[in-house]
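Data first, discussion second: the structure below is written as structure tokens.
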Amino acid sequence: MALKQTIAIFILIATSFKVFAQSPDLVLKPGNEKEILSRMTLEEKASLVVGGGNTVFTGYGNSQKYVSGSAGNTVPIPRFGVPATVLADGPAGLRISPLRQGTDKTYYCTGFPVGIAIASSWDTDLVYEVGSAIGSEVRDYGVDVLLAPGQNLMRDPLCGRNFEYYSEDPLLSGKMASAYVRGVQSNGVGTSVKHFAVNNQETNRKDVDVRISERALRELYLRGFEIAVREAKPWTVMSAYNMINGQQSMESRDLLTTILRDEWGFEGIVMCDWASPGWRDSAKEIWAGNDLLTPGSAAQYEEVIKAVNEGKLSMKDLDDCVYRILRYITWTPRYKGLTYSDNPPLEKNAQIARQIAAECQVLLKNESSTLPLTKDSKKVALFGISSYDFIAGGTGSGNVNKAYVVNLLDGLEGADLEVDTPLKEMYLQKRDASLALMQSSALGRGSLEDFMPEEEYIEGSSDRADVAIITIGRNCGEGADRHVWNDFNLTNVESALIRMVSSAFHEKGKKVIVILNVSGVVETASWKENPDAILLSWLSGQEGGNSVADILTGKVNPSGKLPMTFPADYFDTPTYDNFPYDYTGPLAMGNYPKIPRPERKNVHFVNYDEGIYVGYRYFDTYEKKVSYPFGYGLSYTTFSYGAPKVKKASNGNYTLTVEVTNTGNVAGKEVVQAYYSLSSSGVERPVRQLVCFGKTPLLSPGEKTTVTMSFTERDLSYFDEATHSWVLEKGNYQIAIGSNSRNILGTVSLEEKNTKTLEKANAVLLKQ
Ligand code: BGC
């Protein structure tokens, strides 16, 4: 046979083979990802690593294609039976469009309490339940991955997205995130733990370089993510916008491959935070291990192909990402062909949201048992515009399109309290007028501005009513940080309102209660003496007004505790000098232009000079006066603690037990916190650090229970920069049990005889 003929036959066989290979029966199955991969064209691979946002992208984080109002999707490859998968926000509920063209049907989702609120429960079972209820809506609306939880550390009280996050403590953050992930994923849908990593400010979030020590990075900012990834195995992780020590998070192989995958064993996919085209280097993202470029654009698709063709990106690096995406797709409901109802049990979930929100309330002050309200305080004078326009959740991608919000007014009236009519009518009129002027969008809206009622309303209602309630409202959200004046600090109007209402009611021997319907920490030290009680209700979801009424009337006994410190003054925080608290320049939403250089401190770069001294680690070590310490929260009952006991098991883990008794008159729950210290330490350490926590079940008066908690050697270790490893130092560790970080009620010690290296890490992401 002539050579030409042989070649022709060979080509024919090869082509028919290819045709055979392309036949629809070669479909993606768990385990055959590599085979599929080997048959994919470069174009198909590029289409898989670039999200489908380019096709029908109707704005930042809003896609119409599969589920209206979802944030994005992966692109299908029908010839391999690879479906599209759908991604939607998170975290206080599912964020999709409530209305769709061509139908009267609505697609509302339940607005649950925000992250900062659920963390205040310190209850991992409860957070699992929140996740599980949200996950059921994700599944029922045909979404594959919920872009949540947000779990960046609350480094500074003014971060605009703190409401979506959990705590200033990495252990609490990590445990909350784990519980949430497990809850959502119990529905057979995925989560995306975000924003990885060190995304602690919104100002210039896409372009700011965080300059941080290796120890602070490992012990504080990565630790919560590490806990969630190792314990709960989220399907996906979302890489952050910001830079860390000069490396863009979403382009950092050190972060996304060396730390996340090699050290922590992450097996899911990494997607980047929604980056507009032209912002990032697509080839570098893929090389780094950022599997999916979201929302995705035609330009990025071209870039990936070009980068491979020009040898700028190796096929191996691209294949690694494609393989992981294929594997992830096999986990999803869309791949499994599951049908969805578009009909989640919204009424049932609203009841869950109500119960959960009540468990998240933190009672900050309760002088002379002002709360719960008695039979003699049925007539309420309700002040503060937010009482009539209660804030359920934050703005930005964390907004949830819920069918309704229960205002505090509705909650009180629903609980058979009588709200003073003249005051109410005046407020309702003002509210409606302000709402008419206010713009709202799919990303939510801000809070209404308070005003000072004319004197007759204060005087008159102090005659008619038994008690006054004043709500202070604050909202914030993605794209901007909060400010000190008129935000962290109350406005002059708000302070005067508290002062004047307190004085008018106190003159008549009547009590005053302040409700903080806020998205983050506010200043309390200057005015907390005025009212008799202060209830921190956070942004407690669509049922907020009912949940607060449940607490005020004593139907539910508050058991929340602060997941962060309330400083006496913003300028007492360890971070203020290295945080853009006075920034008023352009914001970071959408395709905004880069903030012009020359470099500006706290905008283009931020120095984490406080190192490991964040939150109570700083306030407690340096004995700073605070308004309310970390872990603080009151109850309508009292508890006593027995002596704590600690035991080490053969696997090296410790079990800590403590008996807690309800010594008061009503049923209640108590959060028990355990902090460790090592005074003989050869390295610098905060005076105490949270090592584990637990919550009692509802205890009747006189009832006791043993709270059992556990922690590991790793929880006691520090990150040694010299050897880049986690080290357990020898010495006598004090384990202090407390009801907050400054109220220690018992101590037990444990001895570690030898110093040992627990885990070696890689010398990456080092400060330059
Ligand atoms: C936010 C993410 C969100 C994404 C999709 C981004 O702007 O930072 O938290 O998940 O948009 O909407």
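What you see below is based on every heavy atom in this structure, not just the backbone, and it leaves out hydrogens, waters and symmetry mates.
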Task: Glu129 side chain near Glu359 side chain, heavy-atom distance below 4.5 Å - done: no
Task: Salt-bridge contact Glu478-Arg205 (side-chain N to carboxylate O under 4.0 Å) - done: yes
Task: Expected output: side-chain Asn242 to main-chain Ser249 donor-acceptor under 3.5 Å - done: no
- [ ] Measure the shortest side-chain to side-chain distance between Leu87 and Trp274 over non-hydrogen atoms and say whether it is less than 4.5 angstrom.
- [x] yes
Open item on the list: Closer than 3.5 angstrom, by distance alone: can the side chain of Gln201 be matched with the main-chain N or O of Pro580 as a donor-acceptor pair?
Closed with: no
Task: Side-chain (Ser167) to main-chain (Pro563) donor-acceptor, under 3.5 angstrom - done: yes
- [ ] Might you confirm whether atom NZ of Lys348 has over 12 heavy atoms from other residues, nucleotides or ligands at distances under 6.0 Å?
- [x] no
- [ ] Taking Tyr583 for its side chain and Pro586 for its backbone only, find out whether a donor-acceptor pair lies under 3.5 Å.
- [x] yes
Task: Between Thr74 and Tyr328: side-chain donor-acceptor atoms closer than 3.5 Å - done: no
Task: Minimum-distance pair of heavy atoms, taken over all atoms of Val143 and Val145 - done: CG1-O, 3.5 Å
Task: Minimum heavy-atom distance between Thr471 and Ser387, given as atom pair plus value - done: OG1-OG, 2.8 Å
- [ ] May I ask you to test the Met154-Ile116 pair for a side-chain heavy-atom distance under 4.5 Å?
- [x] yes
TODO: Check whether more than 12 heavy atoms from other residues, nucleotides or ligands sit under 6.0 Å from atom CD of Glu231, and answer yes or no.
DONE: yes
Task: SB check Asp389 Arg445 (cutoff 4.0 Å) - done: yes
Task: For the student: nearest non-hydrogen atoms of Tyr180 and Ala148, plus distance - done: OH-CB, 3.6 Å
- [ ] For the pair Arg280 and Asp273, find out whether any cationic side-chain nitrogen is under 4.0 Å from an anionic carboxylate oxygen.
- [x] no
Open item on the list: For the CG atom of Leu408 and the CG atom of Asn546, what is their distance to the nearest 0.5 Å?
Closed with: 9.5 Å
- [ ] Measure the spacing between CD of Gln361 and OG of Ser121 and express it to the nearest 0.5 Å.
- [x] 11.5 Å
- [ ] Could you check Leu443 against Arg95 for side chain to side chain contact (heavy atoms under 4.5 Å, CB included), going step by step and ending with a plain yes or no?
- [x] CA-CA 9 Å; Leu443 299 176; Arg95 186 174 72 89; 3.5 Å; yes
Task: Euclidean distance, Thr191 OG1 relative to Trp235 CH2, rounded to 0.5 Å - done: 8.5 Å
Task: Side chains of Asn200 and Asp156 in contact at under 4.5 Å (non-hydrogen atoms) - done: no
TODO: Output yes when a side-chain donor or acceptor of Lys555 lies under 3.5 Å from a complementary backbone atom of Thr553, and no otherwise.
DONE: no
TODO: Could you check Asn407 against Arg431 for side chain to side chain contact (heavy atoms under 4.5 Å, CB included), going step by step and ending with a plain yes or no?
DONE: CA-CA 12 Å; Asn407 289 318; Arg431 176 197 71 180; 3.5 Å; yes
Open item on the list: For the backbone of Pro98 and the side chain of Thr106, can you confirm whether one donor and one acceptor N or O come within less than 3.5 Å of each other?
Closed with: no
Task: Heavy-atom donor-acceptor pair, Asn162 side chain to Ser519 backbone, under 3.5 Å - done: no
Open item on the list: When you measure from the side chain of Asp291 to the backbone of Ile325, do you find a donor-acceptor pair of N or O atoms at a distance under 3.5 Å?
Closed with: no
Task: Residue pair Leu536 / Val518, side-chain heavy-atom distance below 4.5 Å - done: yes
Task: Considering all heavy atoms, the nearest Phe112-Glu137 contact - done: CE1-OE2, 4.4 Å
Open item on the list: For Arg482, is there any backbone N or O sitting under 3.5 Å from a side-chain donor or acceptor partner on Asp487?
Closed with: no
Open item on the list: Do Ile356 and Pro113 have side chains that approach each other closer than 4.5 Å (heavy atoms only, starting at C-beta)?
Closed with: yes
Task: Intermediate values then yes/no, side chain to side chain contact (heavy atoms under 4.5 Å, CB included), Arg100 and Val67 - done: CA-CA 10 Å; Arg100 292 184 192 169; Val67 175; 3.7 Å; yes
Open item on the list: Among Leu428, Val380, Leu417, which residue satisfies the side chain to side chain contact (heavy atoms under 4.5 Å, CB included) criterion with Leu409?
Closed with: Leu428
Open item on the list: Between Met271 and Ser192, is there a side-chain heavy-atom distance shorter than 4.5 Å?
Closed with: yes
TODO: Could you please spell out the steps behind the side chain to side chain donor-acceptor pair (under 3.5 Å) verdict for Ser239 and Asn290?
DONE: CA-CA 8 Å; Ser239 57; Asn290 194 118; 2.6 Å; yes
Open item on the list: So Met564 and Tyr166, do their side chains get closer than 4.5 Å, heavy atoms only?
Closed with: no
- [ ] Evaluate the criterion side chain to side chain contact (heavy atoms under 4.5 Å, CB included) for residue pair Lys194 and Arg161; output intermediate values, then yes/no.
- [x] CA-CA 12 Å; Lys194 67 187 187 185; Arg161 291 187 87 170; 4.2 Å; yes
Open item on the list: Given 3.5 Å as the limit, does a donor-acceptor pair link the side chain of Asn187 with the main chain of Val189, or not?
Closed with: no
TODO: Measure the CG-CD distance between Asp450 and Glu494 for me, rounded to the nearest 0.5 Å.
DONE: 5.5 Å
- [ ] Before giving the answer on ring pair (Phe, Tyr, Trp, His ring centres under 6.0 Å), spell out for Tyr141 and Tyr66 the whole-Å C-alpha distance, their side-chain angles and the decisive distance to 0.1 Å.
- [x] CA-CA 10 Å; Tyr141 276 132; Tyr66 295 96; over 10 Å; no
Task: Rounded distance (nearest 0.5 Å) linking atom CG of Leu412 with atom CD1 of Ile469 - done: 5.0 Å
TODO: Give, for atom OG of Ser186 and atom OH of Tyr128, the distance between the pair rounded to the nearest 0.5 Å.
DONE: 3.5 Å
TODO: Identify the two heavy atoms, one from Lys430 and one from Phe451, that lie closest to each other, and give their separation to 0.1 Å.
DONE: CG-CZ, 3.6 Å
TODO: Can you see which heavy atom on Phe383 is nearest to which on Pro453, and at what distance?
DONE: CD2-CG, 4.1 Å
- [ ] Scan Phe196, Tyr165, Phe266 and name whichever one has a ring-ring contact (aromatic ring centres under 6.0 Å, His included) with Phe225.
- [x] Phe196
